[in-house]
Participant: 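Next up is a structure, given as structure tokens.
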Amino acid sequence: MKILLASSEVYPFSKTGGLADMVGALGRALVKAGHEVIIVTPLYRGIQAKYPALKKVDWEFDLPLGWRRIKAGLWELKRRREATIYFVDQPGYFDRAGIYLENNLSYADNAERYIFFSKCVVNLARYLPWRPDVVHVHDWQVALVPVLMAHEKGAGWGNPPPACLTIHNLAYQGIFPGEAFELTDLPLEYFQPGAVEYFGMLNCLKGGIAYADLITTVSPRYAREICTEELGCGLDGLLRQRQDRLIGILNGVDYSEWNTNKNKHLPKAYTVGRLAGKQVNKLELQKQLGLPVSEAIPLFGTISRLAEQKGVDIQLGALAEMLNTNMQFVILGSGSPEYERGYRDLARRFPDKVSVTIGYDETLAHRIEAGCDFFLMPSRFEPCGLNQMYSLRYGTIPVVRATGGLDDSVVDWTQNAAQATGIKFFDYSARSLARAIRKSLVLYNQTELFKQCQKNAMKADFSWDKTVEEYLKAYQSIQGLK
Ligand code: ADP
């Protein structure tokens with residue numbers, strides 16, 4: 001099958017979160033399964049310098065964008081056993097310090113930037129000599145692609161391939177003032193509640209949900225949750241209408257990146273059969289972060305965007321209580337300044353128990369995953385979540401709120417002690433999280449049980465082979481539709 005993937009971020013070229021990991025790994029897994037894949041993504045600042053093998057493609061975009069026309073170039077990166085990447089080169093839009101924002105402020109022209117990018121994707125899908133059998137777009141930035149394709153079908157594109165939209169996080173919909181609709185150059189009939197209009201505004205994700213042949217999201221539980229008023233972010237009505245075309249597929253983990261055996265980021269390799277090496281990583285991490293170095297003190301960690309979704313408020317509440325016990329906590333993250341301040345205050349209150357690193361640091365992310373005993377993920381909601389799956393592979397027991405992909409990927413100690421891989425809590429409250437941390441401390445002190453849990457966790461398999469099979473089935477299900 002020929003599959004065209006489109007995403008505003010792709011690991012290792014650009015990344016702000018799980019979206020980049022997923023698209024990069026999906027491309028690789030599809031190629032491994034014998035398919036042809038092109039991933040289209042913007043050429044952000046720094047990519048060209050880092051990847052000198054990029055080659056210019058003989059292709060020029062010259063596309064309408066409202067009352068103007070915008071030009072862009074195209075670069076290609078061919079890699080062995082990997083998807084081919086096409087980078088859309090529009091320096092005015094993409095040669096910037098950030099991807100979506102700078103100094104915590106979103107770029108004012110994000111609608112323009114990603115509507116243009118979406119048009120480039122449609123242009124490639126329609127005119128490339130390499131004809132895709134399916135176009136698979138990810139999140140709001142390219143969610144207008146299925147709408148634009150449907151329109152072009154009526155305007156001379158005889159038989160466009162089916163379009164699949166994956167929602168990685170329904171909370172981000174790409175909502176802009178109604179005037180931005182003009183940039184789509186679509187007829188006004190699309191600016192109505194059954195299409196892209198949302199209370200007088202343009203809603204990119206809504207358009208994709210209305211027009212895609214198939215909608216997927218990144219865990220089965222989240223697929224159910226987004227059809228409810230509580231987690232539907234205002235689109236639950238439309239999602240319920242389209243429920244027959246909505247499925248949840250749990251993301252896979254790229255174990256070639258996230259492993260404890262051959263990993264350049266880790267001080268010491270370890271495996272499920274040789275767990276002792278994990279302790280070395282723990283001691284090294286404590287040393288690196290300036291905490292008292294001790295095997296006996298249970299070490300908790302978090303790596304996260306500091307956003308409301310991630311349960312920062314209940315985490316700060318629970319830790320303020322629990323740090324009076326014998327435990328340590330390390331966090332790596334960045335995001336909202338008030339949350340950053342919250343963690344820094346915590347570190348000031350408990351200087352010998354808490355380490356806070358504000359920023360983005362891949363090496364430290366691996367070291368925290370490997371060095372901690374427990375990984376805290378108290379999300380308010382979590383479409384899939386990758387860190388808990390990385391933790392599992394690293395033998396670091398995830399302590400998670402039972403929502404979305406967290407619920408789908410962790411087996412709770414209380415519910416099933418023999419097969420437990422982690423600890424779950426249910427209420428979204430500091431109290432429930434504190435109780436879960438207390439439970440973790442009990443587990444930590446029962447050495448044999450704790451080891452068993454670690455082993456179960458490390459053996460849990462979330463490899464891409466399984467995930468990719470489900471995507472292929474999904475693609476096949478829409479092939480006959482057109
Ligand atoms: P989300 O996509 O909602 O941010 P996920 O758990 O799905 O959450 O994916 C987050 C990804 O981003 C993981 O690969 C995680 O390791 C990484 N990540 C998040 N924050 C940081 C950070 N400050 N430094 C390094 N990696 C980070």
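In listed order, ligands and their atoms are each counted from 1. Since we're looking at a predicted model, the values are computed, not measured. Basis for what follows: all heavy atoms, side chains included, without hydrogens, waters or symmetry-related copies.
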Participant: Please work out which of the three classes, parallel, tilted or perpendicular, describes the rings of Y394 and Y270, given edges at 30° and 60°.
Facilitator: perpendicular

Participant: Give every pair formed by an N or O atom of ligand 1 and a protein N or O atom closer than 3.5 Å, one pair per line with both atom names and the distance to 0.1 Å, or write none.
Facilitator:
| residue | atom | partner | partner atom | Å |
| --- | --- | --- | --- | --- |
| ligand 1 | 2 (O) | G18 | N | 2.7 |
| ligand 1 | 3 (O) | R305 | NH2 | 2.8 |
| ligand 1 | 3 (O) | K310 | NZ | 2.8 |
| ligand 1 | 4 (O) | R305 | NE | 2.8 |
| ligand 1 | 6 (O) | L386 | N | 3.0 |
| ligand 1 | 7 (O) | L386 | N | 3.4 |
| ligand 1 | 8 (O) | K310 | NZ | 3.1 |
| ligand 1 | 9 (O) | G18 | N | 3.3 |
| ligand 1 | 14 (O) | K15 | NZ | 2.9 |
| ligand 1 | 14 (O) | D21 | OD2 | 2.7 |
| ligand 1 | 16 (O) | N387 | OD1 | 3.2 |
| ligand 1 | 23 (N) | G359 | O | 2.7 |
| ligand 1 | 24 (N) | D361 | N | 3.1 |

Participant: Taking the six-membered ring for Trp, are the ring centroids of Y428 and F381 within less than 6.0 Å of each other?
Facilitator: no

Participant: Taking atom CD of Q419 as the centre, report whether more than 12 heavy atoms of other residues, nucleotides or ligands fall under 6.0 Å from it.
Facilitator: no

Participant: Could you tell me whether F117 and Y93 have their ring centroids closer than 6.0 angstrom?
Facilitator: no

Participant: May I ask you to check whether W258 and Y390 place their ring centres under 6.0 Å from each other?
Facilitator: yes

Participant: Test T41 against S7 for side-chain hydrogen bond (donor to acceptor under 3.5 Å, both in side chains), laying out the working first.
Facilitator: CA-CA 5 Å; T41 195; S7 169; 5.4 Å; no

